[in-house]
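Okay, here's the structure, questions in a sec.
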Amino acid sequence: MTPVTHPMSVTSTSLVSASAGLRRRIWPAVAGCLTAMVALLLAVPSHAADTAAVPTAAVPTATAVPSMDLAPDGVLQNGLLHNGLLVGALLFALGLVGILTRRNMIVMFLSAELMLQGVSVSLVSWSRYHGDWGGQMLVIFVLTVAACEAAVALVFVLQAFSRTGRLDANAWQSLRESVLPRTIDQALPPLDGGVTHWPTLTPAGVEPAHDEEALLEREHV
Amino acid sequence: MLPSVFATQLMAEAGSVAGRPGLLMAVAVTTAAASLWLLLPKGLEHKLTRPAGFILGAVALAAFALAGRRLGSIGEEAVFALVALVAVVSATATIVTRSPVYAAIWFAMTLAGVSGVLLILGAQFLGVATIVVYAGAILVMFLFVLMLAQPSGLASYDRVSSEPMLSAIAGAVLVGLLTISIGRLSAPVPADDVEAAATAESDAPADSVTAVVPDPLFENHVARLGGELFGRHLIAVEAAGVLLFVALVGAIAVVTRGEAAALAEGRPTR
């Protein structure tokens with residue numbers, strides 16, 4: 001459980017070093033999740049065919065066809081629902097990745113807002129599909145709650161910043177669970193750009209002598 | 001992990017990808033995860049890391065676009081693809097860009113894309129409200145706090161991220177699972193089912209599934225939305241008003257108590 005403390009030998013994928021034991025315990029679970037998900041994905045067409053085939057086999061009349069697949073709106077509504085849900089899922093997952101991995105608290109809250117946007121897109125897709133107002137009503141309240149959340153969260157961010165002088169979420173890592181390893185930042189290489197050279201103007205003429213008294217004088221009372 | 005990703009990708013490119021939606025989605029998800037991992041700030045980057053991330057991201061976006069369903073007309077598909085592309089690319093840029101100010105600006109771009117998606121989905125009021133409330137108010141508040149709190153230059157904690165690979169894989173697994181449920185939900189109807197339904201209805205031709213049905217919520221959209229909101233959901237509106245008020249009071253209370261505590265401890269206040 002001892003954290004890596006070689007400041008110069010950077011071999012891991014990230015400069016933030018968790019302990020080796022934690023990594024060893026996490027990786028099998030991660031690999032299992034990924035393979036299971038890919039296997040499930042590859043099994044999707046057969047599942048879909050099964051679910052579509054079962055009702056028609058059971059009762060061979062047209063009324064038994066699942067209404068979800070054969071909505072009167074047809075391909076257009078179904079396609080809009082599918083694409084909207086896909087965009088919503090992508091936005092939600094991107095927000096999740098951002099909130100898991102970024103360390104700037106403001107970027108973390110932006111990621112949370114991103115997840116709310118994904119949920120909003122999904123809700124409006126359902127609203128369009130069913131042709132009722134429920135989803136859009138929910139999105140209106142999502143907007144309201146997002147405004148409240150942003151206000152309160154930004155106040156907390158400002159308070160945290162005034163205590164530590166950093167927007168870093170890891171500045172508060174003394175609040176972590178006692179079994180978790182401490183994150184130790186390594187020395188970062190300098191940025192590629194080096195020193196930024198801002199544009200300057202060559203002074204023209206001679207700067208006149210300032211009259212201090214005149215500058216301090218107030219014309220109007 | 002990466003060899004399996006590339007193996008999946010190569011296998012997908014070799015085979016006929018578009019015919020199998022599951023394989024297509026697996027390719028999309030794994031390339032998206034690899035691209036995110038390459039693009040996230042890691043503090044120490046090879047100079048080829050970002051181009052590789054861009055290329056993999058383009059592959060993932062193309063795969064996701066291929067996995068999308070056909071809409072009614074080619075124009076509608078093009079517009080939807082454009083706004084969805086803006087939304088997703090800007091969302092990616094929001095989480096991978098180093099500077100938090102640029103992240104906020106990219107988030108505004110995401111809001112523009114999301115607003116376009118909402119407009120296409122028929123939610124006219126929400127499309128406008130997203131721009132007005134989010135980009136106009138919430139995002140400006142974010143930028144204001146950034147202006148107050150951002151140190152000059154790029155902070156060290158903006159140049160690294162905690163466990164980017166695990167997070168990217170978690171996001172990929174989430175997208176994969178959501179896609180599975182979406183695909184099972186809106187699975188394409190087999191051809192014989194469509195014909196059975198069409199013959200059962202007997203007045204619709206077999207290709208009537210492409211007929212464009214107008215949005216039932218289109219007529220008098222905002223008026224009916226307001227009626228619904230202040231009729232059926234009136235109690236919820238009142239509760240939301242109370243919530244906004246409590247958030248306002250709470251934010252001010254936290255600030256004043258924090259400043260009092262800072263004065264008591266002798267820390268500088270703003």
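Fair warning: this is a prediction, and the values are worked out from it, not measured in the lab. Protein chains get the first letters and strands the later ones, always in sequence-line order, with residue 1 at the start of each.
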Heavy-atom distance under 4.5 Å to chain A: side chain of T110(B), backbone, both or neither?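 For T110(B), side-chain heavy atoms alone lie under 4.5 Å from chain A.
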Taking side chain as everything from C-beta outward and backbone as N, CA, C, O, which of these in V254(B) sits under 4.5 Å from a heavy atom of chain A? Side chain, backbone, both or neither.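 Both the backbone and the side chain of V254(B) come within 4.5 Å of chain A.
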Chain A contact via A123(B) - which portion, at a heavy-atom distance below 4.5 Å: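 Both the backbone and the side chain of A123(B) come within 4.5 Å of chain A.
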Side chain, backbone, both or neither of L116(A) within contact of chain B (heavy atoms, under 4.5 Å):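 Looking at L116(A), just its side chain touches chain B.
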Can you name the residues that form a salt bridge (Lys or Arg N to Asp or Glu O under 4.0 Å) with R232(B), not counting sequence neighbours?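 Residues passing salt bridge (Lys or Arg N to Asp or Glu O under 4.0 Å) with R232(B): E228(B).
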What part of L244(B) is in contact with chain A, defined as an atom under 4.5 angstrom from a non-hydrogen atom: side chain, backbone, both or neither?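 Looking at L244(B), backbone and side chain both touch chain A.
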Toward chain B, the part of L91(A) with a non-hydrogen atom under 4.5 Å: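 For L91(A), the side chain is the part near chain B, not the backbone.
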Between F144(B) and chain A, which part of the residue has a heavy atom less than 4.5 Å away: side chain, backbone, both or neither?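 Neither part, no heavy atoms under 4.5 Å.
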Give a yes or no on whether the backbone of R102(A) and the side-chain of S161(B) come within a donor-acceptor separation of less than 3.5 Å.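 Answer holds: no.
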Got a sec, which residues hit ring pair (Phe, Tyr, Trp, His ring centres under 6.0 Å) with W106(B), two or more places apart in sequence or on another chain?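 Checked W106(B) against ring pair (Phe, Tyr, Trp, His ring centres under 6.0 Å); zero matches.
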Residue F109(A) versus chain B: region with a heavy atom under 4.5 Å: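 It is both, since atoms from each part get that close.
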Contacts with chain A made by residues 90-97 of chain B (heavy-atom distance under 4.5 Å), listed by residue number: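 Against chain A, the residues of residues 90-97 of chain B that fall inside the cut-off (heavy atoms, under 4.5 Å) are A91(B), T92(B), T94(B), I95(B), V96(B), T97(B).
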What option among L90(A), I140(A), L110(A), L86(A) has the most heavy-atom pairs under 4.5 Å with chain B?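 Max contact count across the listed options: L110(A).
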Contact class of A32(B) relative to chain A, heavy atoms under 4.5 angstrom: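 No part of it gets close to chain A.
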Contacting moiety of A146(A), where chain B heavy atoms sit under 4.5 Å: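 Both parts, heavy atoms under 4.5 Å.
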So which heavy atom on E76(B) is nearest to which on L80(A), and how close?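 It is OE2-CD1, 4.4 Å.
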Sequence neighbours left out, what passes salt bridge (Lys or Arg N to Asp or Glu O under 4.0 Å) with E149(A)? Give chain and number order.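 Partners of E149(A) under the salt bridge (Lys or Arg N to Asp or Glu O under 4.0 Å) test: none.
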Heavy-atom distance under 4.5 Å to chain A: side chain of A236(B), backbone, both or neither?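 Its backbone and side chain both get close to chain A.
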Interchain contact, L40(B) with chain A, by part (heavy-atom threshold 4.5 Å):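 For L40(B), side-chain heavy atoms alone lie under 4.5 Å from chain A.
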Using non-hydrogen atoms and a 4.5 Å limit, figure out which bit of S125(A) sits close to chain B: side chain, backbone, both or neither.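 The answer is both parts of S125(A).
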With a 4.5 angstrom heavy-atom cut-off, could you sort out which part of V97(A) is near chain B: side chain, backbone, both or neither?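 Both backbone and side chain.
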Where the side chain of Y157(B) meets the backbone of N170(A), is there a donor-acceptor pair that is under 3.5 Å apart?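 Absent.
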